[in-house]
Amino acid sequence: MADTWLVAGLGNPGPGYAGNRHNVGFMVADRLAETVGAKWSASKASALTAEGFVRPGGPKLLLVKPQTFMNESGRSVGLLASFFGLPPERVIAIHDELDIPFDSIKLKQGGGHGGHNGLRSIDRALGTPEYFRVRVGIGRPPGRMDAAAFVLKDFAGPERDVLPNLVEDAADATLLLIESGLLAAQQRFHAPA
């Protein structure tokens with residue numbers, strides 16, 4: 001399992017949540033599954049999982065979409081990381097990020113959860129925050145809208161036009177992180193300040 005990566009797209013299960021900003025992690029995981037030709041199946045870890053290779057002979061991906069709802073994402077991630085013997089530095093969480101403008105991607109290893117309950121749950125399950133994160137910018141809520149309400153709304157009309165490219169970029173950033181390392185992925189996908 002030395003070259004295996006657990007890649008968890010975070011979101012909420014069910015069709016009512018499918019287009020929500022909070023579900024962009026699921027969208028990216030679906031795109032990665034398409035890219036590597038992997039098919040989703042139910043797992044005993046309360047998750048949908050799919051396995052594939054970045055390229056023939058390349059790193060193996062264990063794609064995960066926890067079906068526990070966002071706040072308990074760590075339950076699935078922790079069980080699967082433990083079962084496959086994967087350390088935190090072989091785990092990537094793909095998630096929505098309020099503190100990054102829409103249509104931007106940032107990558108990092110470790111750090112705080114920033115109030116994101118999915119990350120908080122993974123921190124607890126892995127016993128450390130030192131896993132990788134692909135942070136997909138969804139921007140801040142307009143006006144006085146509550147952040148919790150904002151993330152559970154679908155992407156707005158103009159955002160929906162750009163969303164496929166954002167999801168594709170996040171999938172590409174994840175693969176580059178795996179193949180070439182964090183710095184290379186940051187240099188390619190972080191917008192110049």
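All heavy atoms count here, side chains included; hydrogens, waters and symmetry mates do not. Along the sequence shown, residues are numbered consecutively beginning with 1.
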**Q.** Over-ring placement of Arg55 relative to Phe53, 6.0 Å and 45° cut-offs
**A.** no
Q. Does NZ or CZ of Lys65 fall inside the cone over Trp40's six-membered ring, less than 6.0 Å from its centre and within 45° of the axis?
A. yes
Distance (rounded to the nearest 0.5 Å) between [X] [atom1] and [Y] [atom2]:
X: Glu72; Y: Ile122; atom1: CD; atom2: CD1; answer: 11.5 Å
X: Asp169; Y: Ile105; atom1: CG; atom2: CD1; answer: 4.5 Å
X: Phe132; Y: Thr174; atom1: CZ; atom2: OG1; answer: 11.5 Å
X: Leu79; Y: Phe84; atom1: CG; atom2: CZ; answer: 11.5 Å
X: Ile94; Y: Leu63; atom1: CD1; atom2: CG; answer: 7.5 Å
X: Leu10; Y: Asn117; atom1: CG; atom2: CG; answer: 11.0 Å

Under 3.5 Å donor-acceptor, [X] side chain and [Y] backbone:
X: Thr35; Y: Arg31; result: yes
X: Ser180; Y: Ala184; result: no
X: Arg120; Y: Gly114; result: no
X: Asp96; Y: Val24; result: no
X: Ser73; Y: Gly118; result: no

**Q.** Worked verdict on Val64 versus Val7 for side chain to side chain contact (heavy atoms under 4.5 Å, CB included)
**A.** CA-CA 6 Å; Val64 181; Val7 180; over 6 Å; no
Does [X] reach the side chain of [Y], with side-chain heavy atoms less than 4.5 Å apart?
X: Leu61; Y: Ile178; value: yes
X: Asn12; Y: His22; value: yes
X: Val54; Y: Glu179; value: yes
X: Leu119; Y: Tyr131; value: yes

Indicate the atoms forming the closest heavy-atom contact of [X] with [Y], along with that distance.
X: Thr68; Y: Ser46; result: CG2-CB, 3.6 Å
X: Pro88; Y: Thr128; result: CG-CG2, 3.4 Å
X: Leu80; Y: Ala45; result: CG-CB, 3.8 Å
X: Pro129; Y: Asp123; result: CA-OD1, 3.6 Å
X: Gln67; Y: Ser76; result: N-OG, 4.4 Å
X: Ala173; Y: Ala185; result: O-CB, 4.0 Å

Q | Candidate pair Phe102 and Val162, rule side chain to side chain contact (heavy atoms under 4.5 Å, CB included), full reasoning | A | CA-CA 9 Å; Phe102 175 72; Val162 178; 4.0 Å; yes
Q. Would you find more than 12 non-hydrogen atoms of other residues, nucleotides or ligands less than 6.0 Å from Arg188 atom CZ?
A. no
Q. Any chance NZ of Lys153 has more than 12 other-residue heavy atoms, nucleotides or ligands included, within less than 6.0 Å?
A. no
Is there a path of hydrophobic side-chain contacts, each under 4.5 Å between heavy atoms of I, L, V, M, F, W or Y residues, that connects [X] with [Y]?
X: Leu98; Y: Leu166; value: yes
X: Val91; Y: Phe26; value: no
X: Val28; Y: Ile92; value: yes

Please output the side-chain donor-acceptor pairs of residues 139-152 that fall under 3.5 Å, not counting sequence neighbours, one pair per line with the distance.
unit_1, atom_1, unit_2, atom_2, d
Arg140, NH1, Asp99, OD1, 2.8
Asp146, OD2, Ala148, N, 3.2
Asp146, OD2, Ala149, N, 3.4

Q. Does the separation of the ring centres of His95 and His113 fall below 6.0 angstrom?
A. no
Q. Can you list the steps and then say if Phe189 with Leu176 is a side chain to side chain contact (heavy atoms under 4.5 Å, CB included)?
A. CA-CA 10 Å; Phe189 286 96; Leu176 187 59; 4.0 Å; yes
Q: Salt-bridge test for Lys106 and Glu97: reply yes if a basic N is under 4.0 Å from a carboxylate O, no otherwise.
A: no
(Q) Does Ile138 form a side chain to side chain contact (heavy atoms under 4.5 Å, CB included) with Phe155? I'd like the steps, not just the answer. (A) CA-CA 9 Å; Ile138 61 169; Phe155 285 99; 4.0 Å; yes
Q) Should the pair Phe69 and Tyr17 be assigned to parallel (<30°), tilted (30 to 60°) or perpendicular (>60°) ring geometry? A) perpendicular
Q. Step by step, would you call Glu51 with Lys39 a salt bridge (Lys or Arg N to Asp or Glu O under 4.0 Å)?
A. CA-CA 7 Å; Glu51 295 182 28; Lys39 300 282 183 244; over 6 Å; no
